[in-house]
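Encoded as structure tokens, the structure appears first; notes follow it.
Model, not experiment: these values are computed from the prediction.
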Amino acid sequence: NPRIVMGSIKGFGSSGPYAEFKAYENVAQAMGGAMSTTGVPDGPPYVTGAQIGDSGTGLHLAIGLLAALRQRDQTGKGQYVEVAMMDGVMNLCRVKWRDHQRLWHSGLSEYSVPTEKGMGETPRAGNDSGGGQLGNAIRCKPGGPNDYIYIVVQEAVWEALAKRMGPEVGKPDLVGDPKYATIGERRKHQPHIWQMIEQFASKYTKREFMAILNELVVPCGPIMSTADLFEDEHVKLRGMMVELDHPQRGKWYNVGMPIKLSASPAQIERSPTLGEHTDEVLRDVLGYDTAKVDQLKTAGAFSMPPKKKV
């Protein structure tokens, strides 16, 4: 059937010297460039908590399959769509590949760690934002493991932030200080900026500080723990935490659908138990009658294989 569209995911694809290697989520992160650019310069590389190797690759495949279907609408021909986990992670690290090439010509002025022309690989830079704007995670009151807020100090918001922050950190003339007057100067002195902002933030919880910064139109967001997200009103309003009733697990919460379709919203349902829909599929999809289904059952076609003794 020339109209068939098929897709598959492999760790490293079906070609190349790594084609037969086994992969896993964190293996893909390691080999796709994510781990080498995540963490602090003097520490080990870190995996990210987001499943960019598994789910990220699945999203790439879904996009590819949709593109192949649209192509078939025009040509009448299907095709095979392949995505490697390593390739998907590389694509998600594209900003780091941009910075890798910038280092051929100069240092990276927005990075808080030392960089210079010709240094080679893109370094680990902690919570630096990259992309030209200054950004970092700032500790707030009471100082717990997730009592932080991420702030991006855009050029357009510096004056308002300096006016609001200066008096609270003992620098009433901060807005006029030539050390911070331009984005270039702020990049040079960004350790001092983070110290001042952290001193400012130390009087407030991350939610209180977010409210202050939002009034100043400063891009920011508190570091949300899983507990924070589980109880968050915005998350509930967006339908991103859905309660399900599972016959084996009982009450269970699942992450909702992040893609919101106006005319055909997704319905989140529990996962089926093993074999729950076998009869339905055989009858309604394959057209088997009851006698045929019973015959297959008697022959053991749907029974679980015996577990191997360890």
Crowded around [X] [atom1]? As in, over 12 foreign heavy atoms under 6.0 Å?
X    : atom1 : answer
M6   : CE    : no
Y24  : OH    : no
Y204 : OH    : yes
K203 : NZ    : yes

Checklist entry - Between I193 and N136, does a side-chain contact (heavy atoms from CB on, under 4.5 Å) hold up when you go through it step by step? => result CA-CA 10 Å; I193 290 177; N136 222 315; over 6 Å; no
Least distance between heavy atoms, [X] atom then [Y] atom:
X    : Y    : answer
C93  : G32  : SG-O, 4.1 Å
L103 : G120 : CD1-O, 3.9 Å
M85  : G53  : CE-O, 3.6 Å
F12  : A23  : CE1-CB, 3.8 Å
P167 : R164 : CD-O, 3.9 Å
M257 : K260 : O-NZ, 2.7 Å

When you measure from the side chain of [X] to the backbone N and O of [Y], does any donor-acceptor pair fall under 3.5 Å?
X    : Y    : value
K206 : N146 : yes
S55  : I52  : no
K163 : V175 : no
Q190 : E110 : yes
R94  : N91  : yes
Y111 : S129 : no
T38  : M35  : no
Y150 : P219 : no
T115 : L108 : yes
D128 : S112 : yes

Next on the checklist: Please verify the inter-ring angle class for W97 with H100; under 30° counts as parallel, over 60° as perpendicular, anything in between as tilted.
Outcome noted: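 Geometry flag for H100 against W97: perpendicular rings.
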Next on the checklist: Classify the ring geometry of Y180 against W158: parallel below 30°, tilted from 30° to 60°, perpendicular beyond 60°.
Outcome noted: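 If you compare the ring of Y180 with that of W158, the planes turn out tilted.
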Is the shortest heavy-atom distance from the side chain of [X] to the side chain of [Y] under 4.5 Å?
X    : Y    : value
C220 : F209 : no
W194 : L134 : yes
T205 : D147 : no
V95  : R98  : yes
R72  : K77  : no
L216 : V157 : no
Y288 : L296 : yes
E269 : L244 : no

Connected via hydrophobic side-chain network under 4.5 Å: [X] and [Y]:
X    : Y    : result
V235 : V255 : yes
Y148 : I138 : no
V83  : V5   : yes
I149 : V218 : yes
I259 : L66  : no

[X] bridged to [Y] by N-O distance under 4.0 Å:
X    : Y    : value
E121 : K96  : no
D232 : R207 : yes
D73  : R70  : yes
R124 : D42  : no

Checklist entry - Passes side-chain contact (heavy atoms from CB on, under 4.5 Å), H105 versus K117? Steps please. => result CA-CA 5 Å; H105 308 287; K117 177 182 177 180; 5.5 Å; no
Item to check | T273 and E276: side chain donor to acceptor below 3.5 Å | outcome: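 There is such a pair between these side chains.
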Checklist entry - Going by atom types alone, do E25 and Q29 pair a side-chain donor with an acceptor below 3.5 Å? => result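 A donor-acceptor contact under 3.5 Å links the two side chains.
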Next on the checklist: Once rounded to the nearest 0.5 Å, what's the spacing between atom OG of S109 and atom NZ of K188?
Outcome noted: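 Rounded to the nearest 0.5 Å, the OG-NZ separation comes to 10.0 Å.
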Next on the checklist: Using the rule salt bridge (charged side-chain N to carboxylate O under 4.0 Å, His left out), only one of R249, K236, R270, K251 pairs with E243; which is it?
Outcome noted: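 Looking at R249, K236, R270, K251, the match for E243 under the salt bridge (charged side-chain N to carboxylate O under 4.0 Å, His left out) is K251.
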Item to check | Pair I9-H60, side-chain contact (heavy atoms from CB on, under 4.5 Å): steps then yes or no | outcome: CA-CA 10 Å; I9 289 174; H60 280 89; over 6 Å; no
Next on the checklist: What verdict does the side-chain contact (heavy atoms from CB on, under 4.5 Å) test give for N1 and I4, after you've listed the backbone C-alpha separation in whole Å, the side-chain angles of each residue and the deciding distance to 0.1 Å?
Outcome noted: CA-CA 6 Å; N1 184 348; I4 288 178; 3.6 Å; yes
